[in-house]
Amino acid sequence: MHQTWTLTKRELRAYFDGPAAYVVLCVFLAITGWFFSNALFLQNVASLRSVFSIAPFIFLFFVPALTMSSFAEERRAGTLELLLTLPVRDWQVILGKLLSVALLLMMAISLTFVYAITLAILGDLDLGGTVGGYLGLFLLGVTYGAIGIWASSLTRNQIVAFILGFAIIFLLFLLDKITDFVPGQIGIIMQYLGADYHFQNLMRGVIDTRDILYYLSVTGFAFLLTTYTLAKRPE
Amino acid sequence: MIEVQNLSKSYGSVEAVKSISFEVSQGEVVGFLGPNGAGKSTTMKIMTGYLPPKEGTVLVDGIDIREDALPVREKIGYLPESTPLYSDMVTYDYLEFVAAMRGVASSDRASRIRAMTNSCGLHEVLSKRIDALSKGFKQRVGLAQAMIHNPPILILDEPTSGLDPNQIVEIRELIRKIGEERTVVLSTHILSEVQASCDRVIIIDNGVLVADGTPEELQAGLSGEEQISMTVLDGEEDVAEVLGSWDLAEVTEHGVDEHGESYFMLSSPQDIRSDLFRLAVDHNWTLTGLQRKTKNLEDVFRQLTGG
């Protein structure tokens with residue numbers, strides 16, 4: 001298992017050796033900060049709701065951008081062959097990569113704790129909604145990450161990996177917003193499958209196992225698909 | 001040590017490897033020879049456990065690679081074709097990463113990296129990023145990562161391709177040094193390389209194993225007939241007449257060369273140079289050249305792979 005951690009460290013280091021991690025962290029902080037202070041100072045709303053409503057949009061673009069290289073670049077450079085002939089299981093490799101994305105997202109998210117602390121000092125922090133929102137945001141990010149990694153395992157071209165990952169994530173994001181166009185029963189199913197729907201639930205401060213289970217199962221499914229794709233060892 | 005049994009592999013409808021079988025024993029240095037696209041790399045990818053075989057299997061110390069891949073992978077050091085490395089990493093960090101992934105205990109890593117630095121001559125590039133290294137140094141880093149866990153088996157796919165002649169000699173010497181204590185399987189399409197560094201040659205063509213033996217065995221096995229060339233100062237016709245009725249050898253070709261000497265190519269089941277000399281003395285010929293032609297590995301290769 002320590003090999004998985006070794007790989008996670010390498011991946012994280014690759015993010016921080018280049019500009020990728022800094023760009024992601026800074027831009028994420030800048031955008032959420034603008035929405036937070038906008039609500040606080042201009043609209044006199046002391047709430048993290050504005051941060052939580054913009055963050056999924058940012059993740060929509062940022063997460064596939066972070067994951068697009070994970071397997072596609074290894075395939076292009078041929079390093080995948082070395083990686084997958086090391087004495088580790090394929091799933092350990094995938095887990096190592098997913099963990100590195102999860103940790104980077106956790107860093108980005110934890111930077112916004114500043115806003116929560118500000119609100120707590122000012123005296124009006126909805127604790128349930130805050131905890132739920134942060135949990136939801138993290139789970140959402142990890143789910144997107146698992147999907148992005150799968151997309152990256154399908155191709156050796158990073159741009160294709162990004163667009164593919166973005167398209168799948170966007171579809172998942174959109175599902176619960178287009179239920180008006182379909183008959184009721186299907187609408188309920190689509191709503192349940194929508195990634196944002198469960199985030200909205202958690203953001204309200206209702207920490208329901210169904211929502212958590214949703215993210216875990218989508219993550220698990222994407223993970224499984226990646227294992228399957230890698231097992232075929234396509235050239 | 002390594003048993004490859006009836007290995008087959010196809011990409012789509014293209015059969016890359018067709019039922020190849022061979023064995024490699026401990027301490028052997030085996031050269032994998034074949035034209036480009038013959039199935040060398042595919043066979044090696046299966047041996048290292050990267051690609052699953054379509055049929056057949058590979059046993060390493062009796063362990064089936066399809067059933068128990070990890071213990072097999074632990075015994076193998078692998079350098080894939082064109083030496084893929086993480087170009088954004090510093091050499092030292094990269095070697096440390098591979099050592100950790102290979103399960104080298106953290107207390108041993110520094111000493112293993114030091115040992116690899118010495119044997120592969122990496123002193124001056126340890127703190128450089130891999131993408132800043134020359135091709136020769138990248139190749140050495142590739143060899144170092146393959147040996148970092150001190151594996152009993154090394155599989156090297158074209159370890160000298162793309163190097164300049166000096167680097168080729170260096171890498172070849174390194175491989176010979178490595179081969180003294182390890183089992184090495186290396187692929188190449190450079191024939192002199194096989195002659196320089198291998199105990200045994202396996203030739204593959206179109207996914208089929210066409211030859212397996214020591215370089216000497218392959219050369220001898222193919223020759224069959226001895227080829228002897230002779231030049232004399234005497235008239236071509238007269239000598240040809242005598243040789244035509246001689247029963248020890250057959251004249252395959254004769255003529256007059258650019259120096260005005262008559263040359264004759266003879267073929268015979270055995271070495272007949274001494275008989276030929278006596279024949280020349282008997283007929284008072286002025287013998288200026290007498291040579292036995294041995295087939296070299298290049299002839300063997302061309303004959304077997306239809307080049």
Side-chain angles (χ1 to χ4, degrees), chain A residues 1-23 66 68-97 99-100 104 152-153 156 158 227-235, chain B residues 9 11-12 14 16 41-42 44-54 65 68-90 93-94 96-106 109 129-131 138 141-142 145-146 148-149 151 153 155 157:
Chain A
M1 207 58 218
H2 67 92
Q3 282 135 320
T4 306
W5 180 236
T6 304
L7 186 63
T8 303
K9 279 190 293 185
R10 196 209 82 80
E11 296 284 320
L12 268 180
R13 206 160 158 179
Y15 282 134
F16 281 97
D17 274 351
Y22 303 102
V23 171
L66 281 174
M68 68 181 187
S69 65
S70 59
F71 282 108
E73 177 58 21
E74 300 246 18
R75 269 176 72 173
R76 193 199 56 77
T79 46
L80 189 64
E81 205 171 319
L82 276 180
L83 191 60
L84 296 184
T85 48
L86 291 171
V88 290
R89 305 268 174 213
D90 288 3
W91 66 260
Q92 288 177 294
V93 173
I94 305 168
L95 185 62
K97 290 189 180 259
L99 273 179
S100 71
L104 189 61
S152 182
S153 75
R156 57 168 62 212
Q158 293 193 45
T227 325
Y228 179 74
T229 308
L230 284 189
K232 285 191 302 185
R233 304 285 152 101
E235 262 313 293
Chain B
K9 177 78 192 172
Y11 299 109
V14 183
S41 290
T42 304
M44 292 182 132
K45 281 177 186 176
I46 297 171
M47 288 167 78
T48 54
Y50 178 66
L51 289 178
K54 187 179 130 203
I65 198 157
D68 214 353
L70 295 201
V72 172
R73 289 184 195 176
E74 277 167 15
K75 291 180 196 211
I76 293 177
Y78 179 35
L79 176 66
E81 202 176 354
S82 73
T83 324
L85 304 166
Y86 290 118
S87 54
D88 57 343
M89 286 179 98
V90 170
D93 295 344
Y94 177 67
E96 194 174 35
F97 164 72
V98 177
M101 292 299 282
R102 285 281 185 190
V104 176
S106 53
R109 275 174 219 156
R129 263 171 67 115
I130 289 174
D131 52 9
K138 278 185 192 165
V141 174
Q145 68 79 25
I148 193 96
H149 55 304
I153 301 170
I155 295 183
D157 199 351

Where do [X] and [Y] come nearest, in terms of heavy atoms and distance?
X: A/A231; Y: B/P52; answer: O-CG, 4.5 Å
X: B/P84; Y: A/A77; answer: CB-O, 3.2 Å
X: A/Q3; Y: B/G103; answer: NE2-N, 4.3 Å
X: A/P87; Y: B/R102; answer: CD-NH1, 3.4 Å
X: B/D88; Y: A/D17; answer: O-OD2, 4.4 Å
X: B/A100; Y: A/T6; answer: CB-CG2, 3.6 Å

How long is the straight-line distance from [atom2] of [Y] back to [atom1] of [X], given to the nearest 0.5 Å?
X: B/M101; Y: A/R10; atom1: CE; atom2: CZ; value: 9.5 Å
X: B/D157; Y: A/E81; atom1: CG; atom2: CD; value: 7.5 Å
X: A/L86; Y: B/Q145; atom1: CG; atom2: CD; value: 8.0 Å
X: A/L80; Y: B/Y50; atom1: CG; atom2: OH; value: 4.5 Å
X: B/S106; Y: A/H2; atom1: OG; atom2: NE2; value: 8.5 Å

Assess whether a salt bridge exists between B/D93 and A/R13, defined as any Lys/Arg side-chain N lying under 4.0 Å from an Asp/Glu carboxylate O. yes
Report yes or no: does B/R73 contribute a side-chain atom to a donor-acceptor pair with the main-chain N or O of A/V88 at less than 3.5 Å?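 Yes; at least one donor-acceptor contact below 3.5 Å.
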Identify which part of A/E74 has an atom lying under 4.5 Å from any heavy atom of chain B, answering side chain, backbone, both or neither. side chain
Examine whether an atom of A/A14 lies under 4.5 Å from a heavy atom of chain B, and if so say whether it belongs to the side chain, the backbone or both; otherwise answer neither. both
Take atom OH in A/Y228; do more than 12 heavy atoms of anything else shown fall under 6.0 Å from it? no
Is it the side chain or the backbone of B/P71 that comes within 4.5 Å of chain A heavy atoms, both, or neither?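 Contact with chain A: none, neither part.
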If you apply the rule side-chain contact (heavy atoms from CB on, under 4.5 Å), what do you find for B/Y86 with A/L82, and how did you get there? CA-CA 10 Å; B/Y86 290 118; A/L82 276 180; over 6 Å; no
